[in-house]
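What follows is one structure encoded as structure tokens, with my remarks underneath.
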Amino acid sequence: MEQLRVAGVTGPKGPGPGSGSGYAVGGRLVLASAHVTGPVGTRVKVFHPGAGGDAGGTVVWAGTPGGRDDAALVLVDDSPHWGPPTAPVVWGRPDTKRPGTACETWGVPDEAQRKDRPVEAAQLYGEVNPGSGFVGNQYVMDLRTPAAGWPDEGSSPWGGLSGAAVFCDRYLTGVVASDRANSGHGRLNVVPAYVLHHDPAFRTTVTEHGGGPAAGLGAVEFQDIADPTIHAAVGRAPVTPAALLEAGRQTVPFHGRDELLAELKAWCGRDGFGAWLLHGPGGQGKTRLAHHLGRELAARGWTVLWPRAGARPEQLLELRRAARPLVVVLDYAETRPAQLAALVEAAAEHPGTSPFKLLLLARTAGDWWQQARTGSRQAEELLATARTRRLTPLEDDPEQRSGHYRDAAHALATALPTVPSLTGHDWNAAAAALQPPRRLGDSAYGNALTLHMTALADLLDTAHTEPADDTGDDENAQDVEDRLLGHESRYWRSSAAARGLSPALATDTLETALAAAHLAGAADREHADLLWRRLPALADQPRDRRNTVTAWLATLYPPSVAAPGGPPWGALQPDRLAERHVGRALEGDPRLADRLLEGADDTQAEQLLTVYSRAATHPVFQGRLDTHLAGLCVRHHGALAAHIITTATRTDHPYPLTAALGTLTADPTTPLNTLNRLYGHFPGTSHRLATTAAHLAHTITNRYRALAEANPDAHLPDLAGALNNLSLHLGELGQQLEGLAAVEEAVGHYRALAEANPDAHLPDLAVALNNLSIRLGHAGRRAEGLAAVEEAVGHYRALAEANPDAHLPDLALSLNNRSIRLTDVGQQLAGLAAGEEALGLYRALTEANPDAHQPNLARTLNNLSVYLGEVGRRAEGLAAVQEAVAIRRALARANPDLFGPALQQSLEVAGWLEGLEP
């Protein structure tokens with residue numbers, strides 16, 4: 001709660017100052033109690049405790065005094081004794097049935113007053129238990145410090161507290177109504193915010209008088225998870241014109257997408273879990289659509305949660321406790337795999353008594369989506385039926401674009417006076433005079449954001465005698481960002497001058513700083529200073545001036561929450577505008593990104609590659625940024641290797657990244673150890689990178705082949721290992737014969753090596769034989785596959801006899817493989833015997849070292865259960881698979897990505913066995 005928002009309210013029937021309490025919720029609007037203020041139209045007095053003086057006010061909305069909606073809204077007069085807050089509050093409610101939610105209230109109760117002294121305030125804290133008072137649609141606040149020894153029998157120490165706001169951390173959750181009977185002054189009745197928001201007149205009044213859009217209530221228990229920018233964007237006045245285009249503001253009213261919106265609503269209307277991926281290029285309207293859907297659902301009582309980028313997976317798991325209909329919107333889902341996995345796990349543990357929907361927004365549906373859907377047992381189960389839709393252009397009918405352009409211009413004209421320094425222009429007249437550009441017939445204007453940006457740029461041009469850029473009818477749709485950036489730059493320059501940054505710093509320097517801020521970001525003010533010191537024009541400036549640059553950016557693009565130690569600035573929105581600005585900066589100075597990478601942490605490096613790759617997609621750069629980005633990756637491959645590969649699986653424009661990998665792979669001067677490091681970062685499977693990985697494995701193999709020819713004693717083992725890896729990638733590309741040939745060559749080399757030095761190379765031969773048996777099985781040569789694994793088992797028996805600590809695990813693994821190959825050729829009983837021997841070994845190994853061997857024990861139990869079922873020993877098979885399920889369930893809780901798929905496999909086997917005849 002904020003002290004400057006706390007109010008005292010004197011109603012017409014009150015005995016004097018302190019007859020009630022209130023709280024400024026935004027604009028000149030004060031939340032109070034209906035039984036203090038009286039009905040709509042009543043005049044009351046409002047004051048800040050301790051400030052001196054009071055202001056008049058008029059009741060503009062009132063509930064029922066003493067009723068379940070006992071609250072009121074007072075519009076305070078324009079008065080020197082009343083300072084309105086700068087932003088609206090955020091409304092909320094408990095969303096789970098978990099007891100003990102901390103809360104506080106702040107008002108002017110009688111208990112705090114002393115005769116002949118100014119009105120005093122009291123700040124109280126306590127707890128709300130959602131189950132208390134629910135029948136009467138009330139909250140009950142249990143006070144931590146109840147008033148003891150109140151002398152006036154028949155009165156309450158909390159008289160005068162009625163109307164005080166009740167907050168659960170940052171969310172305004174209710175308003176104090178009365179002292180609760182029979183509680184010894186230890187409990188308060190509270191009117192819930194959800195009761196007030198249920199009244200359309202209340203919501204309208206809040207919105208009309210500066211209290212912000214009352215479009216829904218945040219979930220109190222999940223506020224540390226929620227992205228605060230969702231509320232801040234709509235509640236905060238725009239600082240620059242481009243802020244009007246932020247998707248959350250909905251400055252231009254949402255229209256269209258009727259069929260898709262109806263599908264989404266029907267999907268939300270179904271019980272239980274559901275997932276939906278919407279993907280498409282930037283500006284297509286994904287986020288606007290999600291905001292519109294969210295507002296409609298919030299008005300129906302749903303909880304709509306946009307997780308913040310920094311929310312930890314363990315925090316997201318708490319969503320399993322949600323007791324109200326919940327939709328989670330995960331924006332840029334392709335860059336947030338850990339959060340997506342946690343959300344899936346939360347959904348799996350949710351009781352299902354209310355809807356739990358997951359709406360994913362992404363620019364592309366590629367490898368990242370396939371990996372997400374197969375990353376765990378829960379993901380395979382819950383995301384198997386997820387809908388996937390590529391969002392097509394909204395304005396796809398050129399005949400209708402002129403009307404939509406005019407609508408956008410009029411909506412933006414209404415909002416432009418809220419931007420500083422734009423109040424003196426007749427924007428409505430300007431909008432009426434605008435003529436839709438002839439170029440609207442171009443397909444690029446099917447993109448809703450492009451159309452809105454054009455309308456905004458055209459409006460802004462009317463207020464300036466000199467155009468920001470070329471605005472002729474031959475302007476390409478892609479150039480509107482440059483024109484809009486020209487208008488934004490006026491605000492950059494005027495704000496910089498107001499802070500004394502110019503002329504000390506050139507405009508180009510400040511624009512470069514803005515690009516750097518979006519490219520790399522900063523976690524806090526200290527981080528920001530390190531970022532500025534990487535820019536030559538700022539590195540030699542005094543620390544105070546660099547701090548002023550940080551403050552300048554924060555003024556233009558405020559952080560979502562101005563908290564100490566938090567991000568120092570927000571983002572230039574919409575993203576496409578920021579990406580265009582970044583692209584211009586990078587094209588003008590291709591080495592800017594190199595400087596930003598010096599000393600960058602992993603978060604900054606990943607953000608830089610992501611934003612760079614998005615900027616490179618813009619057609620205005622015609623591939624020039626592709627070349628620069630690929631060169632950057634080649635120059636900094638040591639630091640960026642893992643990020644290059646990860647970003648390539650997520651971006652909708654992977655070409656520069658894969659081109660860089662291809663350049664490093666093909667360059668004969670690239671050190672072999674560098675190629676090996678690159679190879680180590682590739683994911684196990686990736687459709688997008690499969691060819692790149694195979695080329696890299698092939699290059700490594702050829703390098704080792706040349707070395708082995710020159711010095712076989714030193715490098716033949718390396719060649720054999722590279723061939724083994726190459727066989728896997730060739731198989732992934734469908735080149736089964738080539739993959740088999742590679743592993744056969746590897747086995748041949750290992751045979752020669754083992755013959756010369758069995759102590760050193762017999763284990764490697766056994767590994768290769770195991771792999772050969774699998775490749776032969778895939779090729780349909782099952783008998784040969786069995787022969788290969790029989791040989792591997794023989795070698796491992798000898799090795800385990802000589803050194804059981806080192807080789808018993810390998811023997812158990814090869815016995816497991818042998819059991820599979822025996823079953824493949826119809827020898828079920830022999831396969832069962834091999835599996836039972838492997839199980840015995842794994843039980844002993846697990847007892848000695850459970851962390852190392854539990855996964856293999858579970859796999860052996862799973863395989864054995866299948867064999868037992870096939871030979872008619874159903875009960876024993878069920879017992880084996882149930883033990884496997886128990887082990888894998890525990891493992892999946894600790895690492896769902898690694899062990900989730902295996903757990904799903906065991907559950908499927910259990911289902912199959914349960915369906916067999918006893």
Side-chain angles (χ1 to χ4, degrees), residues 1 3 5-24 30-39 42-51 54 57 59 62-74 103-128 132-133 136 138-167 172-192 195-196:
M1 298 184 72
Q3 178 181 337
R5 292 180 183 261
V6 177
V9 179
T10 306
K13 299 177 183 179
S19 59
S21 300
Y23 195 81
V30 170
L31 177 67
S33 170
H35 74 257
V36 171
T37 65
T42 304
R43 294 287 294 173
V44 299
K45 292 183 179 180
V46 177
F47 61 94
H48 289 299
D54 54 35
V59 179
T64 305
R68 68 174 187 171
D69 60 345
D70 186 359
L73 291 169
V74 175
C103 63
E104 63 175 313
T105 188
W106 203 344
V108 289
D110 292 348
E111 182 269 344
Q113 309 313 316
R114 299 294 180 267
K115 188 177 180 179
D116 298 328
R117 292 189 181 183
V119 174
E120 186 57 85
Q123 185 177 10
L124 309 174
Y125 66 102
E127 294 179 347
V128 169
S132 298
Q138 279 188 332
Y139 292 145
V140 178
M141 180 177 177
D142 294 326
L143 298 173
R144 296 275 182 86
T145 54
W150 179 248
D152 299 331
E153 188 175 348
S155 66
S156 168
W158 310 127
L161 191 63
S162 297
V166 175
F167 271 76
L172 199 165
T173 310
V175 55
V176 173
S178 62
D179 193 344
R180 190 169 182 83
N182 305 317
S183 70
H185 308 308
R187 310 176 90 188
L188 299 174
N189 291 320
V190 176
V191 175
V195 170
L196 303 179

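For the single chain, residues carry numbers from 1 onward in sequence order.
Not counting sequence neighbours, H35 has no partner by the ring pair (Phe, Tyr, Trp, His ring centres under 6.0 Å) test. Every residue two or more places apart in sequence or in another chain that forms a side chain to side chain contact (heavy atoms under 4.5 Å, CB included) with T37 is listed here: V9, A32, V44, V59, A72, V74. Listed by chain and residue number, nothing satisfies the salt bridge (Lys or Arg N to Asp or Glu O under 4.0 Å) test with E120 (two or more places apart in sequence, or in another chain). Annotation: side-chain hydrogen bond (donor to acceptor under 3.5 Å, both in side chains) contacts of R144 (sequence neighbours excluded): E127. Contacts of R180 classified as side-chain hydrogen bond (donor to acceptor under 3.5 Å, both in side chains), with partners at least two apart in sequence or in another chain: N189. E104 pairs by the side chain to side chain contact (heavy atoms under 4.5 Å, CB included) definition with M1, Q123, Y125, F167, not counting sequence neighbours. Take S156 and apply the side-chain hydrogen bond (donor to acceptor under 3.5 Å, both in side chains) test, not counting sequence neighbours, and it matches D179. Not counting sequence neighbours, the partners of Q3 by the side chain to side chain contact (heavy atoms under 4.5 Å, CB included) test are W106. Under the rule for a salt bridge (Lys or Arg N to Asp or Glu O under 4.0 Å), the partners of R187 that lie at least two apart in sequence or sit in another chain are D142. Residues passing the side-chain hydrogen bond (donor to acceptor under 3.5 Å, both in side chains) test with S155, sequence neighbours excluded: W150.
Between L31 and L73, the closest side-chain pair of non-hydrogen atoms falls below 4.5 Å. Looking at heavy atoms from C-beta onward, Y139 lies out of side-chain contact with V191 at the 4.5 angstrom threshold.
With rounding to the nearest 0.5 angstrom, the CD atom of Q138 is 9.5 Å from the CG atom of D70.
Judged by distance alone, the side chain of S132 and the main-chain N or O of V140 form no donor-acceptor pair under 3.5 Å. In this structure, T105 contributes its side chain and A165 its backbone to a donor-acceptor pair below 3.5 Å. Between the S21 side chain and the G160 main chain, a donor and an acceptor come within less than 3.5 Å of each other.
With Y23 as the partner, the side chain to side chain contact (heavy atoms under 4.5 Å, CB included) test is satisfied by one option alone out of V166, V6, V175: V6.
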